[in-house]
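Just so it is clear, the structure is predicted and the values come from calculations on it, not from any experiment. In what follows, chains are A, B, ... by sequence order, proteins preceding strands, each numbered from 1.
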Amino acid sequence: MRWSRQFIPTLREVPQEAEIPSHQLMLRAGLIRKLSGGLYSFLPLGLRSLRKVERIVREEMDRAGALEILMPALQPQEIWEESGRFEVLRHVMFKMRDRQDRSMVLGPTHEEVVTGLAAGEINSYRQLPRNFYQIQTKFRDEIRPRFGLMRAKEFIMKDAYSFDPGWDEAETSYQAMYQAYVRIFHRCGLRTKVVEADTGAMGGKSSHEFMVLAEAGEDGLVECDRCSYAANLEQAEGRFLDTLTFGDDALTPEKVATPGQRTIEEVSAFLKAEPRQFIKTLIYVTDGKPVAVLAPGHREINEIALRKEIGADAVLADPDVIVAATGAPVGFAGPVGLSIPIVADISLRGSRGMISGANEADFHLRNIGLDRDAGEIRYLPLLIAKGGDGCPRCDGMLKEARGIEVGHVFKLGTKYSEKLGATYLDAQGEKQTMIMGCYGIGVTRTLQSVIEQSHDAQGIVWPVSIAPYEVTVMAINATHAPSVALAEQLVDGLTAAGVDVLYDDRDERPGVKFKDVDLIGTPLRVSVGERSLAKGEVEVKDRKTGALTGVPVEQALGIIVEQVQAMRAALMPPVAG
RNA sequence: CGGGGCGUGGCUCAGCCUGGUAGAGCGCCAGCUUUGGGAGCUGGAUGUCGUGAGUUCAAAUCUCACCGCCCCGACCA
């Protein structure tokens, strides 16, 4: 392909709309253009890379035995009401009406459709197991689209759904997908970290996320410095290593005036005590009733864990509810003397000498021995894990990182198959419920994640497997006939050898062409110029290492093809299976 | 939805405070020179200054409303 016939609108300057490197580079290298917030057009270069990611995904899914199908993006709202997820996901679904005034939605995911399909078509154990997947556009009315393709309103997802006769078989399906994901991301040149995760709106028993570690990542996670434990912060449990005992055990609670001091920060400064000596008392409301939730003053409550324990609808209480529940305005709640149920993080068990609100305006209590001075308390693990906490699996210590979720595998169990009647008859003629799993890869997000992980100051550094072109060839001076002739000869030869080659035929200054090639990031650059030609050579530059090699003209074609093949081979998974 | 920032040519931005002829660099078009890391010279095209209302003799500039974009938070796969 000739550069002059392609459409590669590169930008010299960083568009102000883009914050993170990958988003900036996708715009600068001419891969995408924005239509409006969270909606992007793919230009030729972006689409070429996207198609290559899709091809890898498709090959590995097929290899793992999954079957490609394609389901409608436009769906009747009823199927969501049937599964009970309309309420859960109504805020992320685009909703509309058709000409018969039927309520329709654009699918944010496809458990409902695929489970209905399986329920209708699969009746016997002889038809199991089956795993259906598709690569398709998903629609989610994001509260806040962000970072280009990272979080968009419309994006391409590979979603797969496994149906198994029993739990053991389902485990096998899960492992097969897990392994396929490892291979997919490896082939895309991505380094990923697998973490334990919360199942969120998908539901089900347990799940793992494939994370690309990156500063720009939207998810916090922790990993152990000793063992392989790693988890999303939403899911992670850290062992609290600190001991919360202060001062003399014999001291009893004492009221202390703290006029106008509401936050832990304010009161700890006022009383000259560390935040960790405080019992943070938050009032939540669940099922219409207030509940006091306690945590050490320097730590945060994990609301996902909390909701699992006290009720899925739990939210922080409004000020008037707090006044009614504690008798004091916001900022002065404490566990001592409260008449509402209390749950506390397990780190607070046995704590002594603590400080908390006195349930009276402008007063706090100190010298609290929590289980001595407060009423009945349920102790539960409720904290968001933090770097420095102990690993829950071994003696190691957790450290924090940020990640981009590119894949997520779920053990769903029977959540959908039960609701939507996905049952079959086993060998004994007994009716059984299918065991499901679901497996997603954000294809467009994966593409951008590769750039986020693989770029430098000059531009994108594509892994050869998903580079829009594998090699760019140029005549440094497009008016120098011998250079042009040799360049074109190399382009033809490479094309014939099955290499994706871009021919920069523009009559631009060399600097312009060099900058552009670096920006769009093709793994190899071949330049033909008068200088190297005088030595009987062409120049090959490795985009990743920056290494420049003079290659004799006669051997150039063979050497370049070999290098491309070597780069391709390096990204194939080491072992089969 | 709360907080903050920003909307001026294709891109990056100045001008706004203190109202009075709409600017620069890059890009684009034509010509000449140039050709190993974003060239030089000459000439040229491109703007409802986000939209609407208001104040004013006069609004890119002041006021109000709305819209859009970006960031933080809440929320979320």
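- You won't find any donor-acceptor pair under 3.5 Å spanning the side chain of E13(A) and the base of rG38(B), going by distance alone.
- Taking the six-membered ring for Trp and the full ring otherwise, the centers of Y181(A) and F210(A) sit less than 6.0 Å from each other.
- Under the 4.0 Å criterion applied to side-chain N and carboxylate O atoms, E209(A) and K193(A) are not assigned as salt-bridge partners.
- Heavy-atom nearest nucleotides on RNA chain B were determined for P15(A) and for E539(A), and the one closer to the 5' end corresponds to P15(A).
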- Check against salt bridge (Lys or Arg N to Asp or Glu O under 4.0 Å), K138(A) and D159(A): CA-CA 10 Å; K138(A) 298 282 185 274; D159(A) 44 326; 3.1 Å; yes

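- Among residues two or more places apart in sequence or in another chain, the salt bridge (Lys or Arg N to Asp or Glu O under 4.0 Å) test is passed with R85(A) by E111(A), E112(A).
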So which protein nitrogen or oxygen atoms get under 3.5 Å of nucleotides 45-51 of chain B's nitrogens or oxygens?
none

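- Mapping T479(A) and R140(A) onto RNA chain B via the closest heavy atom, the residue that lands nearer the 5' end is T479(A).
- Distances were taken from every side-chain heavy atom of V512(A) (C-beta onward) to each of rG37(B), rG36(B), rG38(B); the shortest belongs to rG38(B).
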- Task: Could you give me the CA-CA distance, side-chain angles and deciding distance for R12(A) and D516(A), then say whether salt bridge (Lys or Arg N to Asp or Glu O under 4.0 Å) is met?
- Result: CA-CA 9 Å; R12(A) 294 191 180 201; D516(A) 270 346; over 6 Å; no

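- For R531(A) and rG37(B), a side-chain-to-base donor-acceptor distance below 3.5 Å is absent, hydrogens and geometry of angles not being considered.
- Using a 4.0 Å cut-off between charged side-chain N and carboxylate O, R146(A) and E218(A) make a salt bridge.
- Scanning residues 442-450 of chain A for heavy-atom distances under 4.0 Å to RNA chain B yields an empty list.
- Between Y439(A) and F410(A), the gap from one ring centroid to the other reaches at least 6.0 Å.
- With respect to E488(A) and R2(A), a salt bridge is recorded, a charged nitrogen being found less than 4.0 Å from a carboxylate O.
- For the pair E171(A) and K411(A), the salt-bridge criterion is met [side-chain N within less than 4.0 Å of a carboxylate O].
- Between D504(A) and R506(A), at least one side-chain N (NZ, or NE/NH1/NH2) sits under 4.0 Å from a carboxylate O, which counts as a salt bridge.
- Between R90(A) and E87(A) there is a salt bridge, since a side-chain N of the basic residue sits under 4.0 Å from a carboxylate O of the acidic one.
- Put simply, CD on Q24(A) is 16 Å from P on rC11(B), counting in whole angstrom units.
- Ion pair E400(A)/K386(A) not flagged as a salt bridge, since none of the NZ, NE, NH1 or NH2 atoms sits closer than 4.0 Å to an Asp/Glu carboxylate oxygen.
- Note on D518(A) versus K513(A): no salt bridge recorded, every NZ/NE/NH1/NH2 to OD/OE distance being 4.0 Å or above.
- In this structure, Y174(A) and H208(A) have tilted ring planes: the angle between them lies in the 30° to 60° band.
- On the P atoms, rC41(B) is 11 Å away from rG25(B), given to the nearest whole Å.
- Donor-acceptor pairing under 3.5 Å, judged by distance alone, is present between the side chain of K541(A) and the base of rG37(B).
- For Q24(A), the CD atom sits in a packed shell: over 12 heavy atoms of surrounding residues, nucleotides or ligands are nearer than 6.0 Å.
- Side-chain N/O atoms of N477(A) and base N/O atoms of rG36(B) include no donor-acceptor pair closer than 3.5 Å.
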Do any N or O atoms of the protein come closer than 3.5 Å to N or O atoms of nucleotides 27-32 of chain B, and which pairs are they?
| unit_1 | atom_1 | unit_2 | atom_2 | d |
| --- | --- | --- | --- | --- |
| rG27(B) | OP1 | R12(A) | NH2 | 3.3 |

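- Rounded to whole Å, the C1' atom of rC49(B) lies 8 Å from the corresponding atom of rA22(B).
- Proximity of residues 402-414 of chain A to RNA chain B (heavy atom under 4.0 angstrom from any strand atom) is restricted to E405(A), H408(A).
- Among rC76(B), rU34(B), rG38(B), the nucleotide with an atom closest to any side-chain atom of R509(A) is rU34(B).
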Below 3.5 Å between N/O atoms, which protein atoms pair up with nucleotides 67-70 of chain B? Just atom names and distances, please.
| unit_1 | atom_1 | unit_2 | atom_2 | d |
| --- | --- | --- | --- | --- |
| rC69(B) | OP1 | G37(A) | N | 2.8 |
| rC69(B) | O3' | K34(A) | NZ | 2.9 |

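- In this structure, R402(A) does not pair ionically with E215(A), as no charged nitrogen and carboxylate oxygen lie closer than 4.0 Å.
- rC13(B) and rG50(B) are spaced 15 Å apart, taking the P atom of each and rounding to whole Å.
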